[in-house]
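For reference, the structure is listed below as structure tokens.
Proteins get letters first, then strands, A, B, ... in listed order; numbering begins at 1 in each.
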Protein chains: 2
Amino acid sequence: MSTSTPASPGGKAAWAGAREALRERGLRWTPQRRLILDVLAETSGHITGAELVERCRARDAATIGSTVYRTLDVLEELGYVRHSHGADGREEYHVLPLAEHAHIGCLGCGAAWDLTWEDARELVERLEARNGFRVALGHVMIGGYCPGCEPAER
Amino acid sequence: MSTSTPASPGGKAAWAGAREALRERGLRWTPQRRLILDVLAETSGHITGAELVERCRARDAATIGSTVYRTLDVLEELGYVRHSHGADGREEYHVLPLAEHAHIGCLGCGAAWDLTWEDARELVERLEARNGFRVALGHVMIGGYCPGCEPAER
DNA sequence: GTCGTTCTTGCGAGGCTATGCAATAACAAC
DNA sequence: GTTGTTATTGCATAGCCTCGCAAGAACGAC
Ligand SMILES: [Mn+2]
Ligand SMILES: [Mn+2]
Ligand SMILES: [Zn+2]
Ligand SMILES: [Zn+2]
């Protein structure tokens, strides 16, 4: 469903410090969190909350949705994931974000791509200059239609 | 919560043609649709799907959510409303959009502004040329911080 | 006014996400 | 290993939005 974002850097390696990161904050290392991190470590690019629940459930049928969503909140605070909302409003988590970037999503087929600061520069500079508005690229979502998806009517 | 978008032009007047617009397409004029249009005619700027359901329910307790959402779909096809998704992923309907436009929202205070095709031209043209991607300006959401709101952390 | 066609509605169910609460488990200290 | 503290889980519930389906209503024709 979601395309884009080249493979993450170290794969599993990047997650090595997660257990320590949790403990340093007084948070706990539980079997549920370990499973979620294992799945994320094998994911590159984007994943929706629902997809993550599903993949965890494939490995442990007892997986509870709310636990997954709450763990995602924690991981976002630690910087391991970052979320925005896709064109359909659903959560889209970016795993191990290398650099802040915006998302472009097809309203037809749901495919998604990334947009860099460089791509958005002209617009970002215009908003900064004209309105004093500082764009948070991670919270930019551009909806539209990819070449394969004709926008039906209108 | 959402600022911007000056009051709609004619208020009720702008909705006068709605009944005809429906009939010309073979669609029907029902009591449910009339109520929804009445409520929308008294709304200017933005409204979420849930808010609209609530306001309709205030006038007719028998209002059914799915009917409201389906009517919004129809009205969007006729051009009377246009929706995108707010920073929290919920649907945000723009009533009587004068022109298709994108939304800029402050992640700090929630203030929102509009962005026109002209403002986005450079980026839109770039995406069209480079990826064959046709931007739907109404589905563009730009998050960031207004001059008054310091970007907290990270 | 009656009838037939086709659009709409109501209703039920389901997907995605959030939250409160009590029971449980992780961790640190001993 | 036991115990106490407190974070976390499971569960239930709820909100927002979508969809299928069968019953019902709007509309045009007569
Ligand atoms: Mn939508
Ligand atoms: Mn969110
Ligand atoms: Zn597409
Ligand atoms: Zn602000």
Side-chain angles (χ1 to χ4, degrees), chain A residues 1-2 18-37 46-58 60-78 81-93 105 107-108 110 141 143, chain B residues 1-2 18-37 46-57 60-78 81-93 139:
Chain A
M1 189 116 291
S2 47
R19 179 172 180 170
E20 269 320 295
L22 284 168
R23 282 173 121 160
E24 276 165 18
R25 301 216 177 183
L27 306 178
R28 292 169 188 177
W29 183 246
T30 67
Q32 294 85 344
R33 286 183 176 168
R34 182 174 354 183
L35 170 57
I36 291 165
L37 292 196
H46 304 118
I47 186 172
T48 64
E51 274 165 7
L52 180 56
V53 170
E54 195 183 332
R55 290 191 203 169
C56 286
R57 197 110 64 188
D60 179 352
T63 299
I64 300 294
S66 56
T67 296
V68 174
Y69 285 105
R70 282 189 284 224
T71 297
L72 281 170
D73 289 345
V74 169
L75 293 179
E76 186 154 22
E77 270 172 32
L78 297 181
V81 301
R82 190 95 71 214
H83 95 279
S84 58
H85 292 266
D88 56 0
R90 290 190 312 176
E91 297 197 315
E92 188 96 4
Y93 280 86
L107 298 167
M141 175 65 211
Chain B
M1 187 119 289
S2 45
R19 180 172 179 172
E20 270 319 296
L22 285 168
R23 284 173 119 162
E24 276 165 19
R25 301 216 179 184
L27 305 179
R28 292 171 189 175
W29 183 246
T30 67
Q32 293 86 344
R33 287 183 176 166
R34 181 172 358 179
L35 170 57
I36 293 166
L37 291 198
H46 304 117
I47 185 172
T48 65
E51 274 164 7
L52 180 56
V53 171
E54 196 183 332
R55 290 190 203 170
C56 285
R57 197 111 62 190
D60 178 353
T63 299
I64 300 295
S66 55
T67 295
V68 174
Y69 285 105
R70 282 189 285 222
T71 296
L72 281 170
D73 289 346
V74 168
L75 293 178
E76 187 154 21
E77 271 172 31
L78 297 182
V81 301
R82 191 89 75 214
H83 94 278
S84 59
H85 292 267
D88 56 359
R90 289 189 311 177
E91 297 196 317
E92 188 98 4
Y93 280 86
H139 277 84

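- Here B:Y93 pairs with B:H83 under the ring pair (Phe, Tyr, Trp, His ring centres under 6.0 Å) rule; sequence neighbours left out.
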Just the atom pairs and distances: protein N or O near nucleotides 20-24 of chain C's N or O, under 3.5 Å.
unit_1	atom_1	unit_2	atom_2	d
C:dG20	O6	A:R70	NH1	3.0

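- One finds no side-chain N or O of B:Q32 lying less than 4.0 angstrom from the OP1 or OP2 phosphate oxygen of D:dA25.
- Listed by chain and number, the residues in a side chain to side chain contact (heavy atoms under 4.5 Å, CB included) with A:A62 are A:D60 (sequence neighbours excluded).
- Taking atom CD1 on B:I64 and atom P on D:dC17, their separation rounds to 16 Å, with Å as the unit.
- Of the residues in residues 21-30 of chain B, those lying under 4.0 Å from DNA chain C by heavy-atom distance are B:G26, B:L27, B:R28, B:T30.
- Closest-nucleotide positions on DNA chain D for A:T63 and B:A50 were compared, and the one nearer the 5' end corresponds to A:T63.
- Summarising the geometry, the separation between OH on B:Y69 and C1' on D:dG15 is reported as 9 Å, rounded to the nearest angstrom.
- Per the geometry, NE2 belonging to A:H85 stands 15 Å off P belonging to C:dC16, to the nearest Å.
- With rounding to whole Å, B:L52 atom CG is found 13 Å from D:dC16 atom C1'.
- Separation of atoms CG (B:D73) and CD (B:E77) is listed at 7.5 Å; rounding is to 0.5 Å.
- Remark: B:R19 pairs with no residue by the side chain to side chain donor-acceptor pair (under 3.5 Å) rule, at least two apart or across chains.
- As rounded to whole Å, 13 Å separates atom C1' of D:dC17 from atom CZ of B:R57.
- A:E51 places its CD atom 15 Å from the P atom of C:dG15, with the value rounded to the nearest Å.
- The CD-C1' distance, from B:E20 to D:dA26, rounds to 14 Å in whole Å.
- A straight line from CD of A:E91 to P of D:dC16 spans 16 Å, rounded to a whole angstrom.
- Nearest heavy-atom pair, A:R57 versus A:G65, reported as atom, atom and distance to 0.1 Å: NH1-N, 4.3 Å.
- Between A:T67 and B:D73, the residue whose closest nucleotide on DNA chain D is further toward the 5' end is A:T67.
- Every residue two or more places apart in sequence or in another chain that forms a side chain to side chain contact (heavy atoms under 4.5 Å, CB included) with B:R55 is listed here: B:V39, B:T43, B:I47, B:E51.
- Summary of helix geometry: the two end axes of the helix from C:dG1-D:dC30 to C:dC30-D:dG1, each defined by five base pairs via their C1' atoms, are inclined to each other by 10° (rounded to 10°).
- When the side chain to side chain contact (heavy atoms under 4.5 Å, CB included) test is applied to A:E20, the partners found at least two apart in sequence or on another chain are A:R23, A:E24.
- A:R25 approaches A:L78 most closely through the heavy-atom pair NE-CD2, 3.4 Å.
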For residues 29-37 of chain B, tabulate all N or O donor-acceptor pairs below 3.5 Å that involve a side-chain atom, not counting sequence neighbours.
unit_1	atom_1	unit_2	atom_2	d
B:T30	OG1	B:Q32	OE1	3.4
B:T30	OG1	B:R33	N	3.1
B:R33	NH1	B:R28	O	2.9

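- Nearest heavy atoms, A:A87 versus A:G105: CB-O, 4.4 Å.
- B:H85 is listed as a side-chain neighbour of B:E91, based on a closest heavy-atom distance under 4.5 Å.
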